[in-house]
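If you read the sequence from its start, that first residue is 1, and numbering goes on from there.
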Amino acid sequence: MKHKLDFDAPWLRWLIFALVATALLVGSFWFDTAIEQWVIAHQTKAGTHFMRWVSILGDWEGHVLIALAGMAVAYLRGNKTWVRLGLALVIACAVGGAAARVGKMTLGRARPSAHENHNWNGPKLTSKFHSFPSGHVTASVAFFTTLLLARRKIGTPLLIIPAVIGCSRIYLMAHYFSDVIGGVIIGAACAFIVASTFLRKELSTAR
């Protein structure tokens with residue numbers, strides 16, 4: 001009797017995710033230097049100014065404020081589903097941000113602007129050694145991937161937001177390309193955990 005793999009099994013999904021994530025992360029390190037050099041050659045004053053605003057507005061505070069505003073509107077309209085979804089977005093953002101912070105302080109990778117030749121220095125408290133992963137990207141991906149999992153039609157086009165935020169962090173030489181990919185992976189993992197914990201009903205009826 002043949003046994004078929006159950007692709008809906010959580011363990012198999014996590015295994016596939018881990019394999020794909022590992023391949024993407026390892027591959028991303030090969031592009032760090034080339035992308036860094038391209039950014040150095042193409043930076044402009046106007047581009048830097050724009051990307052700074054993207055980074056400022058794209059930090060976790062902006063995400064949380066949007067979610068809280070949405071929750072307030074949903075509450076006033078008696079929409080409990082969107083109140084719960086807004087809360088899940090805030091939790092995902094917080095979990096992603098916390099995970100990124102632990103990674104930054106534990107690994108101690110020097111930022112591109114620190115000119116430390118990609119060094120990994122172990123536990124560090126100084127921000128110039130907090131390159132991996134990108135906290136901005138981790139929190140934003142956790143936030144919008146949670147939305148995507150619960151509301152695909154709304155969440156899919158909004159993924160452009162963490163993508164632009166990631167580009168801003170690279171352009172400003174706050175992070176390497178691999179830092180951004182690491183943030184994407186950790187953020188997505190946090191989103192899956194939060195969504196499967198708090199949004200089971202929404203996941204079963206996602207559209």
Side-chain angles (χ1 to χ4, degrees), residues 1-25 28 57-106 132-166 179-207:
M1 182 178 179
K2 295 182 178 179
H3 295 280
K4 295 183 179 180
L5 282 176
D6 181 7
F7 286 97
D8 289 327
W11 71 268
L12 184 56
R13 289 185 176 184
W14 278 110
L15 177 60
I16 294 172
F17 177 84
L19 292 174
V20 173
T22 300
L24 286 174
L25 183 59
S28 69
L57 297 175
D59 208 350
W60 66 268
E61 295 97 332
H63 292 66
V64 171
L65 286 175
I66 291 173
L68 292 177
M71 289 172 64
V73 173
Y75 178 79
L76 292 174
R77 299 184 64 179
N79 192 326
K80 295 182 180 180
T81 297
W82 275 96
V83 171
R84 185 169 58 252
L85 178 54
L87 180 59
L89 296 180
V90 172
I91 293 173
C93 189
V95 172
R101 178 60 58 185
V102 171
K104 288 172 179 288
M105 297 178 69
T106 302
F132 186 92
S134 168
H136 280 69
V137 173
T138 305
S140 187
V141 169
F143 185 95
F144 285 105
T145 300
T146 301
L147 178 60
L148 171 69
L149 293 171
R151 292 290 184 271
R152 292 171 192 156
K153 289 184 179 180
I154 298 174
T156 299
L158 292 180
L159 290 179
I160 189 66
I161 295 176
V164 174
I165 292 172
D179 300 331
V180 170
I181 297 302
V184 170
I185 292 169
I186 296 172
C190 291
F192 292 142
I193 293 171
V194 171
S196 61
T197 302
F198 297 100
L199 299 173
R200 293 180 181 179
K201 181 179 179 181
E202 284 74 10
L203 294 182
S204 65
T205 59
R207 59 186 185 279

Just verifying a value: how many Å separate [X] [atom1] and [Y] [atom2], rounded to the nearest 0.5 Å?
X    : Y    : atom1 : atom2 : value
I185 : T22  : CD1   : OG1   : 7.0 Å
I16  : L12  : CD1   : CG    : 4.0 Å
C93  : D59  : SG    : CG    : 8.5 Å
E61  : L68  : CD    : CG    : 12.0 Å
T156 : L147 : OG1   : CG    : 9.0 Å
E202 : R84  : CD    : CZ    : 4.0 Å

### Task
Please check if atom OH in Y75 has more than 12 non-hydrogen atoms from other residues, nucleotides or ligands closer than 6.0 Å.
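Open: at most 12 neighbouring heavy atoms sit under 6.0 Å from OH of Y75.
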
Write down the atom of [X], the atom of [Y], and the distance for their closest heavy-atom approach.
X    : Y    : answer
A188 : V141 : N-CG1, 3.6 Å
I186 : P133 : CD1-CG, 3.6 Å
A150 : L85  : CB-CD1, 3.8 Å
L149 : A191 : CD1-O, 3.9 Å
A67  : G86  : CB-O, 4.0 Å
G96  : T138 : O-CG2, 3.2 Å

#### Entry: S196 backbone acceptor or donor facing R200 side chain under 3.5 Å
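Side chain of R200 to backbone of S196: a pair is present.
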
Measure the shortest side-chain to side-chain distance between [X] and [Y] over non-hydrogen atoms and say whether it is less than 4.5 angstrom.
X    : Y    : answer
F198 : L87  : no
I193 : V95  : no
L158 : F143 : no

